[in-house]
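Below: the structure, in structure tokens.
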Amino acid sequence: MEPPTPSPLLPELPLQELECFSVLVHQLHFGRTAQRLGVSQGRVSQLIKRLEHRVGAPVFRRTSRRVELTELGRVLAEQVVPAFERLREGYDAARARAATDRPLRLGFQCAVYEPVARVIAGLPEGTTRLVELPWADPFSQLARGEVDLAIVLAPCREPGLEVLMTFSRQPVYVAVNAAQRLAGGADAPGAVGADELAGLPLIEPRGPAPEYWRQVNAPRRTPSGRALSYPAGAATLQEGLSMVASTRQGLLLCERSTGYVQRPDIRYLPVPELEPTSLEVVQKVGRPHPLAAGFTGLLAGRLD
């Protein structure tokens, strides 16, 4: 005869219902509670009804204009809400400690732009480690698991990698030697017509970046169909800019990058006819870091 299964030390706690109850106690509004929890308003009503069924009596009094606690609800709130807040604080503290033990390795191309830097500054010290990715190799370190997230020039269509968000759509500029003169566009003084680039030797990212990515970030033709020439390549943006400063070659880059790599021997001229570039936050499928979703959410909030 098998021994009886021991009873649990505590009865099963309806954690989802209690979390919903705790938030609704503070909000006293089903719509705001739904937004806070990231669920539908109908789901909030369902969870509260389920909790009331478990308890055996209503814990909220609802009218068309207001939501308020019943007497039983007040007694429950006095015990449950502080306990649930302590539970959440303990859980968050454990996640923060675990993240410090294994920091989020954040790969980036070209520069750590201001919104990204602000998010990193707002995270606990030691939870993030920055890794610069080569201009011409945006995906290899992420694919090998050497970084957890990568902020790279779009697009990413690599098998095994997933795009979490796209942001920072920027117009394209061309970097040229400060002594070099281009005709410029008659309609936009200081700008360069895309077809004028056909007569300018350009520097492309030289490395294992996939061809579809190159064609976006180092386009092969102008919108009118004229071929662009890339007789030289560079592994990093800084290497490419050093080549620009010492030759009569040009290099295409986004507007925001021009502000982070100012040099007295280089001029940056807009090329409004070329398609703007974007950045993407990318991670490896099936290997999310505990801080990855939180980092992406914070970054999205900074861009609103």
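Every value quoted in this text rests on a predicted model; they were computed, and no experiment measured them.
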*Do you know which of Asn217, Thr258, Thr277 makes side-chain contact (heavy atoms from CB on, under 4.5 Å) with Leu253?*
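When side-chain contact (heavy atoms from CB on, under 4.5 Å) is applied between Leu253 and each of Asn217, Thr258, Thr277, only Thr258 qualifies.
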_Tell me which one of Leu237, Leu202, Val174 satisfies side-chain contact (heavy atoms from CB on, under 4.5 Å) with Leu251._
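Running side-chain contact (heavy atoms from CB on, under 4.5 Å) over Leu237, Leu202, Val174 with Leu251 returns exactly one hit, Leu237.
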_Atom CZ of Arg256: over 12 foreign heavy atoms under 6.0 Å_ =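 Yes.
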*Flag yes if more than 12 heavy atoms outside Arg144 fall under 6.0 Å of its CZ atom; otherwise flag no.*
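Atom CZ in Arg144 is packed in, count exceeds 12.
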Using side-chain heavy atoms (C-beta onward) and a distance below 4.5 Å, is [X] in contact with [Y]?
{"X": "Leu299", "Y": "Met165", "answer": "yes"}
{"X": "Val261", "Y": "Cys110", "answer": "no"}
{"X": "Arg214", "Y": "Arg220", "answer": "yes"}
{"X": "His289", "Y": "Arg105", "answer": "no"}
{"X": "Val152", "Y": "Leu142", "answer": "no"}
{"X": "Leu133", "Y": "Gln141", "answer": "yes"}
{"X": "Leu47", "Y": "Leu51", "answer": "no"}
{"X": "Gln249", "Y": "Pro231", "answer": "yes"}

[X] to [Y] - nearest heavy-atom pair and separation:
{"X": "Tyr230", "Y": "Leu252", "result": "OH-CD1, 3.7 Å"}
{"X": "Pro290", "Y": "Arg102", "result": "CD-NH1, 3.8 Å"}
{"X": "Ile203", "Y": "Gly240", "result": "CD1-O, 3.6 Å"}
{"X": "Pro219", "Y": "Leu228", "result": "O-CD1, 3.3 Å"}
{"X": "Gln170", "Y": "Cys254", "result": "CB-CB, 3.8 Å"}

Answer yes or no: is there an ion pair linking [X] with [Y], defined by an N-O contact shorter than 4.0 Å?
{"X": "Arg226", "Y": "Glu273", "result": "no"}
{"X": "Glu255", "Y": "Arg169", "result": "no"}
{"X": "Arg74", "Y": "Glu78", "result": "no"}

*So, Glu158 and Tyr212: side-chain donor and acceptor under 3.5 Å apart, yes or no?*
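Per modelled atom types, Glu158 and Tyr212 side chains form a pair under 3.5 Å.
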*Does a donor on one side chain sit under 3.5 Å from an acceptor on the other, for Arg32 and Gln35?*
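Their side chains do not contain a donor-acceptor pair, so the 3.5 Å distance test is not met.
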_Residue pair Tyr260, Val112: steps toward the side-chain contact (heavy atoms from CB on, under 4.5 Å) verdict_ = CA-CA 9 Å; Tyr260 285 83; Val112 179; over 6 Å; no
Side chain [X], main chain [Y], donor-acceptor under 3.5 Å:
{"X": "Thr127", "Y": "Pro124", "answer": "yes"}
{"X": "Gln109", "Y": "Leu153", "answer": "yes"}
{"X": "Ser278", "Y": "Thr166", "answer": "no"}
{"X": "Asn177", "Y": "Ala245", "answer": "yes"}
{"X": "Glu196", "Y": "Val192", "answer": "no"}
{"X": "Glu52", "Y": "Val59", "answer": "yes"}

*Taking it one step at a time, do Tyr113 and Phe108 satisfy ring-ring contact (aromatic ring centres under 6.0 Å, His included)?*
CA-CA 9 Å; Tyr113 299 117; Phe108 68 94; 8.8 Å; no
*Any cation-pi pair here, Arg267 with Tyr173, using under 6.0 Å and within 45°?*
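Judged by the rule (NZ or CZ under 6.0 Å from the ring centre, within 45° of its axis), Arg267 is not positioned above Tyr173.
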*Once the angle between the rings of Phe139 and Trp213 is folded into 0 to 90°, is it parallel (under 30°), tilted (30 to 60°) or perpendicular (over 60°)?*
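Perpendicular.
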_Test log, rule side-chain contact (heavy atoms from CB on, under 4.5 Å), inputs Leu197 and Leu274_ = CA-CA 11 Å; Leu197 297 179; Leu274 294 184; 3.9 Å; yes
*Walk me through it: do Val116 and Phe295 pass the test side-chain contact (heavy atoms from CB on, under 4.5 Å)?*
CA-CA 9 Å; Val116 178; Phe295 175 88; 4.1 Å; yes
*asked:* side-chain contact (heavy atoms from CB on, under 4.5 Å) for Val25 and Val80? Distances and angles first, verdict last.
replied: CA-CA 10 Å; Val25 166; Val80 166; over 6 Å; no
*For the hydrophobic clusters of this structure (ILVMFWY residues joined by side-chain heavy atoms under 4.5 Å, transitively), does one cluster hold both Val282 and Val216?*
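They do not share one cluster, since no chain of ILVMFWY contacts under 4.5 Å joins Val282 to Val216.
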*Supply the atom-to-atom distance Leu291 CG to Leu123 CG, rounded to the nearest 0.5 angstrom.*
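Rounded to the nearest 0.5 Å, the CG-CG separation comes to 6.5 Å.
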